[in-house]
Amino acid sequence: GIYSNFERCELPGHSLSRRLVERGFRAQALMGVNFLASILGDQIGPVDERYSHSKQGLVERLLSRFGSRTLRRPFDDTVSCALRWLDSEPGPDRFLMLHAFDAHMVYEAPPALLGEHVKDGRARTSCQAQLEELGWSYAPFRELKRRVPVEHFPARYRAAIQHIDSCLGTLVKGLRERGLWEDTML
């Protein structure tokens, strides 16, 4: 199938998650961004409010829906939710989809980690305006309205990847501590 980030499309019957659920697996998707959570998350497994991206406050959801922000879930929060879900769903037959959005423009990481990679500074214009000045092609994401210097993007990307890598280490450690590592396909 062909999917859009902004339009709901049904997963095909032959998708991995659907086939596993048909065979008795419990499934859950933990997405790193609200628009994918709303169009894909409930197709992987039932929406469980304990792990749902929709636990954002009302103000954040309104900002996301009506204009200014894409709601990201930091990958460390996604991994934490994943480990809690594994604890609440005992047994061998589980499928868990994790999605990290941290390494998407404008690239996010915890402030301390960003500080190690990026010099201070705020752009006078939006990312969108800076990209247009450079003649670059880009998707019209709302986040590009932020005033992040585009010259910081490579350093911000490195910080985001370092953050994701650290979170994957936390996931692997959690799987080992739970005795799940030897029976896990990652």
Side-chain angles (χ1 to χ4, degrees), residues 1-65 69-110 113 139 141-143 157 160-186:
I2 298 174
Y3 303 97
S4 165
N5 283 338
F6 306 104
E7 295 177 28
R8 183 178 173 90
C9 296
E10 291 299 314
L11 287 176
H14 64 273
S15 68
L16 177 62
S17 60
R18 290 217 172 143
R19 288 200 172 179
L20 290 173
V21 168
E22 287 171 3
R23 288 167 176 78
F25 278 66
R26 290 170 317 281
Q28 185 64 246
L30 301 172
M31 309 307 282
V33 67
N34 61 328
F35 59 82
L36 289 180
S38 67
I39 63 173
L40 182 62
D42 66 340
Q43 295 189 70
I44 304 295
V47 174
D48 185 327
E49 288 303 315
R50 294 174 295 175
Y51 314 109
S52 173
H53 197 287
S54 66
K55 287 186 78 168
Q56 302 285 339
L58 177 62
V59 171
E60 289 90 355
R61 285 184 291 181
L62 288 172
L63 284 171
S64 170
R65 183 167 182 110
R69 287 205 359 227
T70 299
L71 291 180
R72 295 170 178 255
R73 180 201 320 239
F75 197 50
D76 52 338
D77 184 41
T78 303
V79 168
S80 177
C81 287
L83 294 172
R84 285 197 323 269
W85 182 80
L86 289 169
D87 290 340
S88 71
E89 295 287 333
D93 297 333
R94 295 173 285 187
F95 174 78
L96 182 57
M97 177 184 171
L98 302 183
H99 172 261
F101 197 73
D102 309 63
H104 288 70
M105 272 199 289
V106 295
Y107 313 113
E108 294 294 343
L113 189 56
F141 290 114
R142 288 183 230 165
E143 289 199 329
Y157 181 76
I161 294 299
Q162 185 177 345
H163 174 62
I164 291 169
D165 185 61
S166 173
C167 294
L168 288 172
T170 300
L171 177 65
V172 169
K173 179 181 177 193
L175 292 167
R176 286 189 170 138
E177 288 172 349
R178 289 161 175 77
L180 301 172
W181 179 246
E182 295 301 322
D183 294 323
T184 295
M185 184 181 338
L186 180 62

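In what follows, every heavy atom counts, from backbone to side chain, and hydrogens, waters and symmetry copies are set aside. Just so it is clear, the model here is predicted, and its values are computed rather than measured.
One finds no salt bridge joining R176 and E182 here, because no Lys/Arg side-chain nitrogen approaches an Asp/Glu carboxylate oxygen to under 4.0 Å. At a threshold of 4.0 Å, the pair R18-E10 counts as salt-bridged, since one of the basic side-chain nitrogens sits closer than that to a carboxylate oxygen. R26 has no carboxylate O lying under 4.0 Å from a charged side-chain N of D93, or vice versa, which leaves the two without a salt bridge.
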Exercise. Would you please test I44 and L96 for side-chain contact (heavy atoms from CB on, under 4.5 Å) and show each step?
Key: CA-CA 8 Å; I44 304 295; L96 182 57; over 6 Å; no
Self-check item: side-chain contact (heavy atoms from CB on, under 4.5 Å) between L98 and M31, intermediate numbers included
Solution: CA-CA 6 Å; L98 302 183; M31 309 307 282; over 6 Å; no
Exercise. Report the C-alpha separation of S80 and R84 in whole Å, then their side-chain angles, then the decisive distance to 0.1 Å, and conclude whether the side chain to side chain donor-acceptor pair (under 3.5 Å) test is met.
Key: CA-CA 6 Å; S80 177; R84 285 197 323 269; 3.3 Å; yes
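Judged by distance alone, with hydrogens and angles left aside, the side-chain atoms of R94 form no donor-acceptor pair with the main-chain N or O of A27 at under 3.5 Å. Put simply, the side chain of D102 gets close to the backbone of F75: a donor and an acceptor are under 3.5 Å apart.
Nearest heavy atoms, A109 versus L113: CB-CD2, 4.1 Å. For A103 against A160, the heavy-atom pair with the smallest separation is CA-CB, 3.8 Å.
To the nearest 0.5 Å, atom CD of residue E22 and atom OG of residue S17 are 9.5 Å apart.
T78 has its side chain out of reach of H99: every pair of non-hydrogen atoms, C-beta onward, lies at least 4.5 Å apart. Inter-residue side-chain proximity for R72 and E143 is flagged as met; some heavy-atom pair is nearer than 4.5 Å. Side chains of D76 and H163 form a contact here, defined as non-hydrogen atoms less than 4.5 Å apart. No side-chain heavy atom of F25 sits under 4.5 Å from any side-chain heavy atom of R19. In this structure, the side chains of R73 and N34 stay at 4.5 Å or more apart for every pair of heavy atoms.
Every residue two or more places apart in sequence or in another chain that forms a ring-ring contact (aromatic ring centres under 6.0 Å, His included) with H104 is listed here: F101. Looking at residues two or more places apart in sequence or on another chain, you find a ring-ring contact (aromatic ring centres under 6.0 Å, His included) between Y107 and F153, Y157.
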Validation: residues 166-175 side-chain donor-acceptor distances under 3.5 Å, sequence neighbours left out:
from	atom 1	to	atom 2	distance (Å)
T170	OG1	S166	O	3.3

